[in-house]
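Quantities reported herein were computed from a predicted structural model and do not represent experimental measurements.
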Amino acid sequence: MADSAIIHIVDDDASLRAALESLFRSVGLAARGHASVADFLAAEREDAPGCLVLDVRMPGISGLDFQDRLDELGIMLPAILMSGHGDIPMSVRAMKAGAIDFLVKPFRDQDMLDAVAAAMERDAKRRAEASDDAGLRDLYATLSPREQQVMGLVVTGKLNKQVAYDLSLSEVTVKIHRGAAMRKMGARTLPDLVRMAGKLGIAAS
């Protein structure tokens with residue numbers, strides 16, 4: 001993933017941006033510098049792996065305020081915060097909001113590289129989970145409406161005969177639909193099907 005990852009540096013200090021870009025390139029990582037949050041938002045960016053390296057204090061939107069708005073803006077990249085005037089409340093706020101790390105300038109190159117490695121690991125995990133969820137949704141879409149109904153009831157713990165009563169079906173028909181749902185979803189056991197339903201947010205209708 002490192003081959004396609006992009007580290008976005010958002011800091012109004014041009015010399016620090018250049019230094020960080022050089023550091024990341026030295027370990028084979030692509031980096032893009034932005035002088036402000038507004039510049040970052042205005043720039044074209046593909047949905048590539050990576051992370052954000054944000055300065056806390058910048059003209060316009062601060063790094064902390066931008067971090068608070070990442071979800072709202074649909075930006076899923078993990079964030080690393082850095083500041084030349086770090087204090088405990090500031091670092092606590094950043095970490096509570098999900099920051100990978102809070103680095104006080106001047107920091108060691110290795111500390112930044114370690115933080116970026118942790119950020120990329122988190123991003124890779126999120127992307128893998130999102131891919132799995134998309135695959136489950138695709139599988140669920142192959143179920144017939146009746147199979148979806150049966151699945152929704154079975155995963156709540158209802159027995160076949162209870163599902164049959166709820167849907168005004170025979171127990172044999174429920175078993176057929178249940179088997180088809182498990183086969184199409186790739187679930188080997190009922191607990192597997194329950195876990196899949198949980199990820200999909202499926203409840204009995």
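- In this structure, the separation between CG on Leu193 and CZ on Arg188 is 13.0 Å, given to the nearest 0.5 Å.
- Asp133 has no carboxylate O lying under 4.0 Å from a charged side-chain N of Arg137, or vice versa, which leaves the two without a salt bridge.
- A 4.5 Å side-chain heavy-atom check between Val27 and Leu113 finds at least one atom pair inside the cut-off.
- Although no hydrogens or angles enter the test, the distance criterion places no donor-acceptor pair under 3.5 Å between the side chain of Arg32 and the main chain of Phe40.
- With hydrophobic clusters built from ILVMFWY side chains whose heavy atoms lie under 4.5 angstrom apart, Ile9 does not share a cluster with Ile75.
- With a 6.0 Å radius and a threshold of 12 heavy atoms from other residues, nucleotides or ligands, Phe107 has its CZ atom above the threshold.
- Cluster annotation: Leu41 and Ile6 are assigned to distinct hydrophobic clusters (Ile/Leu/Val/Met/Phe/Trp/Tyr, side-chain heavy-atom contacts under 4.5 Å, transitive).
- In terms of hydrophobic clustering, with Ile, Leu, Val, Met, Phe, Trp and Tyr side chains grouped at heavy-atom distances under 4.5 Å, Val10 and Leu103 are assigned to different clusters.
- For the pair Pro59/Asp12, a side-chain contact is recorded, criterion being any heavy-atom separation below 4.5 Å from C-beta on.
- Residues Cys51 and Ile80 have side chains in contact (heavy-atom distance under 4.5 Å, counting atoms from C-beta outward).
- Applying the 6.0 Å contact sphere to NZ of Lys105 captures more than 12 heavy atoms from other residues, nucleotides or ligands.
- In this structure the side chain of Leu200 reaches within 4.5 angstrom of the side chain of Met185, judged on heavy atoms.
- Applying side chain to side chain contact (heavy atoms under 4.5 Å, CB included) to Ile7 and the options Met120, Met112, Arg25, Glu21 leaves one that passes, Met120.
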Exercise for review: Determine, stepwise, if the pair Leu70 / Leu77 fulfils side chain to side chain contact (heavy atoms under 4.5 Å, CB included).
Suggested key: CA-CA 8 Å; Leu70 290 177; Leu77 293 172; over 6 Å; no
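- You'll find the side chain of Met58 stays beyond 4.5 Å of the side chain of His34, heavy atoms only.
- Between Met76 and Asp47, the closest side-chain pair of non-hydrogen atoms is not below 4.5 Å.
- Residues Leu81 and Val92 are members of separate hydrophobic clusters, defined by side-chain heavy-atom contacts under 4.5 angstrom among Ile, Leu, Val, Met, Phe, Trp and Tyr.
- Both Leu64 and Leu73 are members of a single hydrophobic cluster when ILVMFWY side chains are connected at heavy-atom separations under 4.5 Å.
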Check your understanding: For Met151 and Tyr140, what are the C-alpha separation, side-chain angles and deciding distance, and is it a side chain to side chain contact (heavy atoms under 4.5 Å, CB included)?
Key -> CA-CA 10 Å; Met151 177 177 168; Tyr140 184 68; 3.9 Å; yes
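- Using modelled atom types, no side-chain atom of Ser22 and backbone atom of Ala19 make a donor-acceptor pair closer than 3.5 Å.
- Taking 4.5 Å as the limit, some side-chain heavy atom of Ile61 sits within range of a side-chain heavy atom of Arg69.
- The CE atom of Met82 sits 5.0 Å away from atom CG of Leu16, with the distance rounded to the nearest 0.5 Å.
- Checking side-chain atoms of Asp11 against main-chain N and O of Arg17 turns up no donor-acceptor pair under 3.5 Å.
- Counting non-hydrogen atoms of other residues, nucleotides and ligands closer than 6.0 Å to NZ of Lys184 gives a total above 12.
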Practice item. Please report the C-alpha distance between Arg183 and Glu147 in whole Å, then the side-chain angles of each, then the deciding distance to 0.1 Å, and finally whether the side chain to side chain contact (heavy atoms under 4.5 Å, CB included) criterion is met. Key: CA-CA 11 Å; Arg183 185 177 65 257; Glu147 289 164 356; 5.9 Å; no
Review point. So Val116 and Leu29, side chain to side chain contact (heavy atoms under 4.5 Å, CB included) or not? Walk me through it.
Key: CA-CA 10 Å; Val116 166; Leu29 293 171; 4.0 Å; yes
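- Within a 6.0 Å radius of CD in Glu44, no more than 12 heavy atoms belonging to other residues, nucleotides or ligands are found.
- At least one test fails for Arg93 against the ring of Phe102: distance under 6.0 Å to the centre or angle within 45° of the axis.
- Test Arg178, Glu171, His177 against Asn160 for side chain to side chain donor-acceptor pair (under 3.5 Å) and you get one pass: Arg178.
- Side-chain contact, Gln162 with Asp166: no donor N or O sits under 3.5 Å from an acceptor N or O.
- Taking the side chain as every heavy atom from C-beta outward, Val154 and Met182 never approach each other to under 4.5 Å.
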